[in-house]
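A short write-up of the structure that comes next.
No experiment lies behind these values; they were computed from the predicted model shown. Sequential numbering from 1 along the given sequence is applied to the chain's residues.
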Amino acid sequence: MGGYTYIMTNKPFGVLYIGVTADLARIQAHREGRGSSFARRWDCKRLVLIERHDRIEDAILREKRLKDWNRVWKCRLIAEANPNWDDLWETING
């Protein structure tokens with residue numbers, strides 16, 4: 001079973017929330033304020049990075065590694081994949 005690693009934010013270069021899921025409905029839950037308490041507290045509803053993995057174990061490992069990165073590296077990763085920090089939810093879900 002595959003999975004996704006994703007980063008959500010409240011605004012460009014704002015608070016970052018890194019998550020992992022096997023079901024994209026989890027991202028929708030964040031957008032509706034039903035996700036993690038951290039994401040809800042900081043209003044992280046904008047999906048700015050998503051990575052698909054063939055195995056959920058790989059997605060979990062990637063999430064753990066990303067959480068260990070410093071903020072500059074995380075922001076650079078997002079900016080390289082999504083220069084305008086656009087909300088990717090409609091792109092992947094629409």
#### Entry: Tyr17-Trp42 aromatic ring centre distance below 6.0 Å
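No, ring centres 6.0 Å or more apart.
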In Å, rounded to the nearest 0.5 Å, how long is the span from [atom1] of [X] to [atom2] of [Y]?
| X | Y | atom1 | atom2 | value |
| --- | --- | --- | --- | --- |
| Glu57 | Met1 | CD | CE | 9.5 Å |
| Arg76 | Asn70 | CZ | CG | 8.0 Å |
| Leu77 | Trp69 | CG | CH2 | 5.0 Å |
| Leu66 | Thr5 | CG | OG1 | 6.5 Å |
| His53 | Leu61 | NE2 | CG | 9.0 Å |
| Ile27 | Tyr6 | CD1 | OH | 6.0 Å |

### Query
Do Asn93 and Leu24 have side-chain heavy atoms sitting under 4.5 Å apart?
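No; the side chains remain at least 4.5 Å from each other.
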#### Entry: Check: Arg46 and Pro12 side chains under 4.5 Å, non-hydrogen atoms
yes
Are [X] and [Y] grouped together when hydrophobic residues (ILVMFWY) are joined by side-chain heavy atoms under 4.5 angstrom apart?
| X | Y | answer |
| --- | --- | --- |
| Ile7 | Trp73 | yes |
| Ile18 | Phe38 | no |
| Val20 | Tyr4 | no |
| Leu49 | Trp85 | yes |

Between [X] and [Y], what is the shortest heavy-atom contact and its length?
| X | Y | answer |
| --- | --- | --- |
| Gly3 | Ala59 | C-CB, 4.0 Å |
| Val48 | Leu88 | O-CD1, 3.4 Å |
| His30 | Lys45 | O-CG, 3.8 Å |

### Message
Looking at Arg40 and Gly33, would you say the former's side chain and the latter's main chain have a donor-acceptor pair under 3.5 Å?
### Response
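Confirmed, Arg40 side chain pairs with Gly33 backbone.
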### Query
Got a donor-acceptor contact below 3.5 angstrom from the Arg71 side chain to the Phe13 backbone?
yes
### Message
Whether Asp23 and Arg26 form a salt bridge (side-chain N of Lys/Arg under 4.0 Å from carboxylate O of Asp/Glu) is what I want to check.
### Response
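No, Arg26 and Asp23 are not salt-bridged.
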### Message
Tell me whether Arg31 is salt-bridged to Asp87, with the criterion being a basic N under 4.0 Å from an acidic carboxylate O.
### Response
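Salt bridge: yes.
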#### Entry: Test side-chain contact (heavy atoms from CB on, under 4.5 Å) applied to Leu16 and Ile78, step by step
CA-CA 10 Å; Leu16 302 177; Ile78 295 165; 3.9 Å; yes
### Query
Counting heavy atoms not belonging to Arg65, are there more than 12 under 6.0 Å from its CZ?
no
### Query
Does NZ belonging to Lys67 count more than 12 external heavy atoms closer than 6.0 Å?
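For Lys67, atom NZ is crowded (more than 12 foreign heavy atoms under 6.0 Å).
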